[in-house]
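Keep in mind that the numbers below use all heavy atoms, side chains included, and drop hydrogens, waters and symmetry copies. Order of appearance sets the numbers: ligands from 1, and atoms from 1 within every ligand.
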Amino acid sequence: MNIPEEIFDIKNWLVNNGIAEKLEAAVILGSGLGDFGNHIEDAKIIPYSDIPGFPQSTVVGHSGSLIIGTVSGKAVMAFSGRFHFYEGYPFSKTVVPVQLAKAFDVNKLIISNAAGGINLDFRVGDLMVIERILHPHVEIDINQTENWPEELKANSKRVIEIATSNNVPVKKGTYLYVTGPNYETKAEIRAFRGLGGDAVGMSTAPELMEAYRIGVKAVAVSLITNAAAGVTDQKLDHEEVKEAAEMKKDEFAKLVIGLIERF
Ligand code: HPA
């Protein structure tokens with residue numbers, strides 16, 4: 001499975017601090033989506049800064065802690081705060097949460113993110129189930145398994161079924177990965193639309209690739225927090241990410257709980 005030895009050192013530290021050896025599901029919480037942590041029962045909250053060897057998250061709006069507890073009776077770990085390439089991490093470090101989940105035998109990973117809507121049918125606050133990944137111009141140096149795009153597509157169907165049966169409206173589409181840190185230009189967004197991108201964001205693609213590489217069943221959902229550049233006249237800033245997340249936190253939680261229970 002090929003996970004770095006340091007990941008097991010992190011696991012051992014957590015187990016020595018009272019965490020069980022095996023967990024059932026993991027959730028990576030996107031910008032502003034940390035509120036999901038309040039749905040975790042008997043939660044143990046461990047700041048990343050307390051965990052020896054763990055990278056530290058530097059982005060405003062990511063609190064940077066690992067939350068371990070139960071959801072619907074299942075043992076879960078949630079990463080509130082993740083590691084982006086634009087913060088200066090190599091791709092090999094952006095996937096530490098995925099590797100740590102695997103070290104705890106997790107086989108159900110739910111990845112979330114904030115993203116800009118490229119698809120003109122999308123509105124701020126929509127949840128988009130990720131069916132496909134595009135990463136034009138960016139070489140992500142993670143070994144990819146041959147058929148992970150097909151597996152992701154198949155798993156995304158199941159997410160849509162679960163969302164629908166839980167009465168959570170979702171869109172579906174292609175997530176176009178950019179490294180950031182700058183938001184895109186209008187011209188880029190026009191080009192990305194032509195390439196088939198429905199939403200644009202700066203995370204998730206490396207994490208999904210790594211999950212499939214090491215054999216963790218993974219799905220991903222974007223919260224559309226803004227219209228991508230040029231879609232409307234509004235200026236882009238981090239405030240609207242927080243506003244959209246606040247607006248949709250209950251629906252997002254309902255979806256993630258449904259996935260923990262049934263995916
Ligand atoms: N572009 C890139 N990443 C993002 C955006 C965006 O418009 N919104 C939230 N994350």
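- Taking the six-membered ring for Trp and thresholds of 30 and 60 degrees, Tyr48 and Phe79 have ring planes inclined between 30 and 60 degrees apart.
- Taking every non-hydrogen atom of Met202 and a distance limit under 4.0 Å, the qualifying atoms of ligand 1 come out as 2 (C), 3 (N).
- Of all the listed residues (Gly32, Gly201, Ala114), Gly201 holds the heavy atom that lies closest to atom 3 (N) of ligand 1.
- Every atom of ligand 1 with a heavy atom of Thr225 under 4.0 Å away is listed here by number and element: 8 (N), 9 (C).
- Comment: Lys254 does not engage Glu251 in a salt bridge, judged by the lack of any side-chain N to carboxylate O separation of less than 4.0 angstrom.
- For ligand 1 and Asn226, the ligand atoms under 4.0 Å from any heavy atom of the residue are 5 (C), 6 (C), 7 (O), 8 (N), 9 (C).
- Here Ser31 has no heavy atoms under 4.0 Å from ligand 1, in either its backbone or its side chain.
- Near Glu184, with a cut-off below 4.0 Å to any heavy atom, the atoms of ligand 1 are 1 (N), 2 (C), 6 (C), 7 (O).
- Salt bridge annotation for Lys102-Glu210: absent, with no cationic side-chain nitrogen under 4.0 angstrom from a carboxylate oxygen.
- Looking at Asn119 and Arg193, their side chains never bring a donor and an acceptor atom within 3.5 Å of each other.
- Side-chain polar atoms of Asn38 and Asp35 form a donor-acceptor pair below 3.5 angstrom.
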